[in-house]
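Residue numbers start from 1 in every chain, and the chains themselves are labelled A, B, ... in the order their sequence lines are given, proteins ahead of strands.
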Protein chains: 2
Amino acid sequence: MHHYSRDNMAELLRAHDINPTHQRIEIAYALFSHQEHLSADQVMTIVNDRHAETSKATVYNTLNLFLEKGLIREVIVDPSKVFYDPNTGPHHHLYEVDSGRLTDIAADDVRIEGLPELPKGMETVGIDLIVRVKRTA
Amino acid sequence: MHHYSRDNMAELLRAHDINPTHQRIEIAYALFSHQEHLSADQVMTIVNDRHAETSKATVYNTLNLFLEKGLIREVIVDPSKVFYDPNTGPHHHLYEVDSGRLTDIAADDVRIEGLPELPKGMETVGIDLIVRVKRTA
DNA sequence: CCGGGAGTTAGACAGAGTCCAAGTCCTAGA
DNA sequence: TCTAGGACTTGGACTCTGTCTAACTCCCGG
């Protein structure tokens, strides 16, 4: 799927067992129709730049709901804020320290080998690989 | 070196081009004499449990100074706070999601292969690999 | 048309971290 | 020894991200 519409979003939400309300559709649309990884704050700005007024509480509620339901993923690279990533497939991240830009690294060719056994009674939730880069001086 | 004293710390600080003041020595000692990765808050508690009163501002100033000088490393795994890691050698992290416990993974046997070329004019600052685990239900 | 639950809202609140202006400490020089 | 100045520290106000709450709105089923 390459083109996202608000109707798409409604279906997508339903498929993830989420009741598609106006606000939820707008927020999902904001996330999926943008390339970049957005912070809660950016989501709110985008959503409120068009007609509808959506409150901060709803933005946070909704993002957390999307997380729970596995619709999006959170990316923790910046100590000051969380980024939300509509791409839930396996992939890694490139974080440009100076600018705060966060981009994807396809997981296809990346191999991680030699990780030790997990402690008993533990299971992996996820593996995050973050390559931090900066502009060469 | 397996045993850390405050005298050691003074030397260590000087070796990293940091003027060893009382507060800095205490903070360095707190970090290096503990196994765990500590948050700023925990550092402050530890340092103030003994005699000296050290202010929040100083704790943050000092941790940031240590970071700049490469004495410690910051670990960003929890959206709500930063952890500080006195181990600056190459290694990875295991994060227990439920409890917030953060432990090291030795880098010796771990190989990461197939990372794509960096964009022009970029250089790697660091590669963070975080394995998130939870208790099996 | 009505009642009720799900969803939304404004605004108060919490916690991490920064900033600032004033105060203290330490050292070098006379 | 005394003093001036820079380095360091401090309390407290402030900012920012995110959460909570209690009231309100919306929508759907009967």
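- Counting any heavy atom pair closer than 4.0 Å across all strands shown, Asn19(B) reaches sugar-phosphate atoms only and no base atom.
- In this structure, Arg14(B) atom CZ and dA7(D) atom C1' are separated by 16 Å, rounded to whole Å.
- When distances run from any side-chain atom of Thr62(B) to the nucleotides dT9(D), dT8(C), dG18(D), the shortest one goes to dT9(D).
- Separating the CD atom of Glu53(A) from the C1' atom of dT25(D) is a distance of 16 Å, rounded to the nearest angstrom.
- Residue His22(B) places its side chain closer to dC26(C) than to any other of dC26(C), dG7(C), dT19(D).
- Within 4.0 Å (heavy atoms only), Thr21(A) reaches sugar-phosphate atoms of the nucleic acid but no base atom.
- Taking atom CE of Met44(B) as the reference point, atom C1' of dT18(C) lies 14 Å away to the nearest angstrom.
- Nucleic acid contact class of Asn64(A) (heavy atoms, under 4.0 Å, all strands): sugar-phosphate only.
- Distance CD1 (Ile25(B)) to P (dA7(D)): 19 Å, rounded to an integer number of Å.
- The side-chain contact (heavy atoms from CB on, under 4.5 Å) with Leu94(B) is formed by just one residue from the set Leu129(B), Val77(B), Leu102(B), Thr103(B); it is Thr103(B).
- The side chain of Thr54(A) approaches dT9(C) more closely than any other nucleotide in the set dA12(C), dT9(C), dT9(D).
- Under the 30°/60° scheme for interplanar angles, the aromatic rings of His37(B) and His93(B) are found to stand perpendicular.
- Between the side chain of Arg132(B) and the backbone N or O of Asp128(A), no donor-acceptor pair lies under 3.5 Å.
- In terms of phosphate contacts, Gln23(B) brings no side-chain nitrogen or oxygen within less than 4.0 Å of OP1 or OP2 of dC25(C).
- Candidate nucleotides dA16(C), dT9(D), dT9(C) were compared by shortest atom distance to the side chain of Ser55(A), and dT9(C) ranks first.
- Checking Asp41(A) against Ser39(A) by side-chain atom types alone, no donor-acceptor pair falls below 3.5 Å.
- As a whole-Å value, the separation of Lys81(A) NZ from dT15(D) C1' is 12 Å.
- Using a 4.0 Å heavy-atom distance criterion, Ser39(A) is classed as making no nucleic acid contact.
- In this structure, Asn61(A) places its CG atom 15 Å from P of dA22(D), rounding to the nearest Å.
- If you take CD1 of Ile27(B) and C1' of dT9(D), they are 10 Å apart, rounded to a whole angstrom.
- Comparing dG18(D), dT10(D), dG17(C) by their nearest atom to the side chain of Ala57(B) picks out dT10(D).
- For Tyr60(A), whose side chain is taken as the heavy atoms from C-beta onward, the closest listed nucleotide among dG17(C), dG7(C), dT19(D) is dT19(D).
- Asp78(A) places its CG atom 10 Å from the P atom of dG18(D), with the value rounded to the nearest Å.
- No continuous path of ILVMFWY side-chain contacts below 4.5 Å connects Val43(B) to Phe83(B), so the two sit in separate hydrophobic clusters.
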